[in-house]
Protein chains: 2
Amino acid sequence: MTISTLGHALLGLLAADELTGYELTQHFDRSLAHVWSASHSQIYPELAKLQAAGLIRHTESGPRGSKRYSATDEGRAEVRRWLAQPPQPETIRSERLLRVFFLWMLAPDDAHAYLRAEAARHREQLANYDAIAAHIPADADAATCWSRISLEAGIRHERAMAEWADWAAESVPSGNVRA
Amino acid sequence: MTISTLGHALLGLLAADELTGYELTQHFDRSLAHVWSASHSQIYPELAKLQAAGLIRHTESGPRGSKRYSATDEGRAEVRRWLAQPPQPETIRSERLLRVFFLWMLAPDDAHAYLRAEAARHREQLANYDAIAAHIPADADAATCWSRISLEAGIRHERAMAEWADWAAESVPSGNVRA
DNA sequence: ACTGACATGTAACTTGTTACATGATTCG
DNA sequence: CGAATCATGTAACAAGTTACATGTCAGT
């Protein structure tokens with residue numbers, strides 16, 4: 001049985017807490033949003049696989065048919081094994097940056113507007129991340145401390161990209177310049 | 001016919017130059033490496049689709065059965081249409097950052113080593129990008145200027161992530177500290 | 001002759017998305 | 001009692017990866 005990255009993400013979350021599929025789904029929309037994304041339609045079948053592989057265990061059943069899972073010892077060992085492996089180089093796929101590559105096909109004003117909008121989008125995301133970071137207490141547990149560290153990567157990324165978009169917009173002539 | 005992002009990438013490249021499938025493949029390994037990735041097994045079928053949709057045209061046949069394509073007027077119009085649309089928020093998936101999220105499961109020394117290695121990987125990528133940037137002439141054509149602008153995003157991203165990894169490593173206690 | 005780069009394609013599989021489908025519980 | 005949220009699942013499809021398969025041409 002080979003485990004996908006999604007599988008490892010679920011396993012990692014279940015190593016810290018007992019969670020339902022629904023709660024796991026929410027983690028991908030919230031705490032893990034800057035790191036990994038997954039929808040419930042991918043999560044439920046993956047949970048079934050992990051359970052079949054003995055890496056997670058169904059602990060309790062709650063209201064509305066909800067099922068709570070926790071990682072088994074083998075599951076925790078699997079996460080550690082995964083973490084100890086050197087990661088492969090990631091394949092980069094950014095549609096937003098790809099568009100920039102082809103912006104020479106647009107009128108300078110339109111290209112300029114694209115970059116300004118890009119800067120705004122990055123600043124918006126940065127504000128979201130900053131707001132999340134502001135709510136993390138200073139005396140948090142280990143798992144939360146590490147979520148803060150990974151969130152910092154998102155913050156610095158958005159900040160760098162916002163500054164890049166500003167720089168890029170300045171380097172493009174525009175008829176809309178007012179300064 | 002809906003066109004995938006890969007289709008738009010191919011169309012964009014073929015809007016500037018007449019290229020073969022093989023040359024397109026190389027672009028994803030080189031000029032587009034920091035932006036989008038695709039392998040030949042995905043490219044050849046996609047070229048067939050674009051041709052069937054009348055967005056590209058097979059122009060000349062070369063040695064070793066190579067086929068050269070160029071974008072049609074409809075193809076160029078399609079790229080511009082795509083560029084004018086507001087991009088959707090991108091789904092983020094970084095296995096390397098996901099690991100950081102779960103680093104609390106490792107001994108502090110191992111977590112520290114992971115972050116140091118991360119910093120080194122980002123610095124290595126940064127050096128690659130810097131080397132590429134250094135070879136772009138100052139008097140380049142429009143398409144090259146925009147490739148330089150998108151490359152700058154890669155450079156700033158790697159720089160920000162290298163600095164983040166340093167910061168993160170410092171914030172983790174390690175038995176290997178010599179300073 | 002051999003090696004490596006050039007060159008194109010297909011098949012099987014994995015991963016991820018979108019849409020469909022259903023039902024329980026809570027709050028106003 | 002109606003809407004929102006909670007809660008789980010499946011099916012059809014799209015996108016991407018890995019492996020298979022084949023053949024050409026240039027340089028040594």
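Chain naming here is simple, since letters A, B, ... match the order of the sequence lines and numbering starts at 1 in each. Remember, it's a predicted structure, so these values are computed and weren't measured experimentally.
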Open item on the list: Distance alone, cut at 3.5 Å: any donor-acceptor contact between the side chains of B:Gln125 and B:His34?
Closed with: no
TODO: Take atom CZ of B:Arg30 and atom C1' of C:dA5, then tell me their distance rounded to the nearest Å.
DONE: 11 Å
TODO: Could you work out which one of C:dT25, C:dC6, C:dG9 sits closest to the side chain of B:Gln26?
DONE: C:dC6
Between N or O atoms, less than 3.5 Å apart, protein on one side and nucleotides 18-23 of chain D on the other: list the pairs.
{"unit_1": "D:dT18", "atom_1": "O4", "unit_2": "B:Ser41", "atom_2": "OG", "d": "2.6"}

TODO: Figure out the CG/C1' separation between B:Leu6 and C:dT17, and round it to whole Å.
DONE: 17 Å
Task: A:Arg96 to A:Phe101 six-membered ring, cation-pi geometry met (6.0 Å, 45°) - done: no
Open item on the list: Quick check for you: to the nearest 0.5 Å, what is the distance between B:Ile136 atom CD1 and B:Leu151 atom CG?
Closed with: 5.5 Å
Open item on the list: Using a 4.0 Å cut-off on heavy atoms, which residues in residues 45-62 of chain B reach DNA chain D? List them by number, or say none.
Closed with: none
TODO: Please tell me which of B:Arg93 and B:Tyr44 maps to the more 5' nucleotide of DNA chain C, matching each residue to the nucleotide holding its nearest heavy atom.
DONE: B:Tyr44
Task: Distance in angstrom units between A:Ile43 CD1 and C:dT15 C1', rounded - done: 14 Å
TODO: Can you tell me the distance, in whole Å, between the CZ atom of A:Phe28 and the C1' atom of C:dT17?
DONE: 15 Å
Open item on the list: Working to the nearest 0.5 angstrom, can you tell me the gap between B:Arg159 CZ and B:Asp130 CG?
Closed with: 6.5 Å
- [ ] Rounded off to whole Å, could you give me the CD1-to-P distance for the A:Ile3 and C:dT14 pair?
- [x] 14 Å
- [ ] Supply the atom-to-atom distance A:Thr5 OG1 to B:Glu95 CD, rounded to the nearest 0.5 angstrom.
- [x] 3.5 Å
- [ ] Kindly compute the distance separating OG (A:Ser171) from CG (A:Asp166), expressed to the nearest 0.5 Å.
- [x] 11.0 Å
TODO: Working to the nearest 0.5 Å, report the span between CH2 of A:Trp167 and CE of A:Met161.
DONE: 10.5 Å
- [ ] Taking only the side-chain nitrogens and oxygens of A:Tyr22, find out if one of them lies under 4.0 Å from OP1 or OP2 of D:dC6.
- [x] yes
Open item on the list: How many whole angstroms separate atom NZ of B:Lys67 from atom P of C:dA7?
Closed with: 14 Å
Task: Nearest-0.5 Å distance, CD of residue A:Gln42 to OG1 of residue A:Thr25 - done: 10.5 Å
Open item on the list: Against A:Glu78, only a single residue in A:Arg81, A:Arg80, A:Arg76 fulfils salt bridge (charged side-chain N to carboxylate O under 4.0 Å, His left out); can you say which?
Closed with: A:Arg81
TODO: Could you tell me the separation between the CZ atom of A:Arg68 and the P atom of D:dC6, rounded to a whole number of Å?
DONE: 13 Å
Open item on the list: Heavy-atom nearest nucleotide on DNA chain C for B:Gly21 versus B:Thr91: which residue maps closer to 5'?
Closed with: B:Gly21
Task: Distance in angstrom units between A:Trp36 CH2 and C:dG16 C1', rounded - done: 10 Å
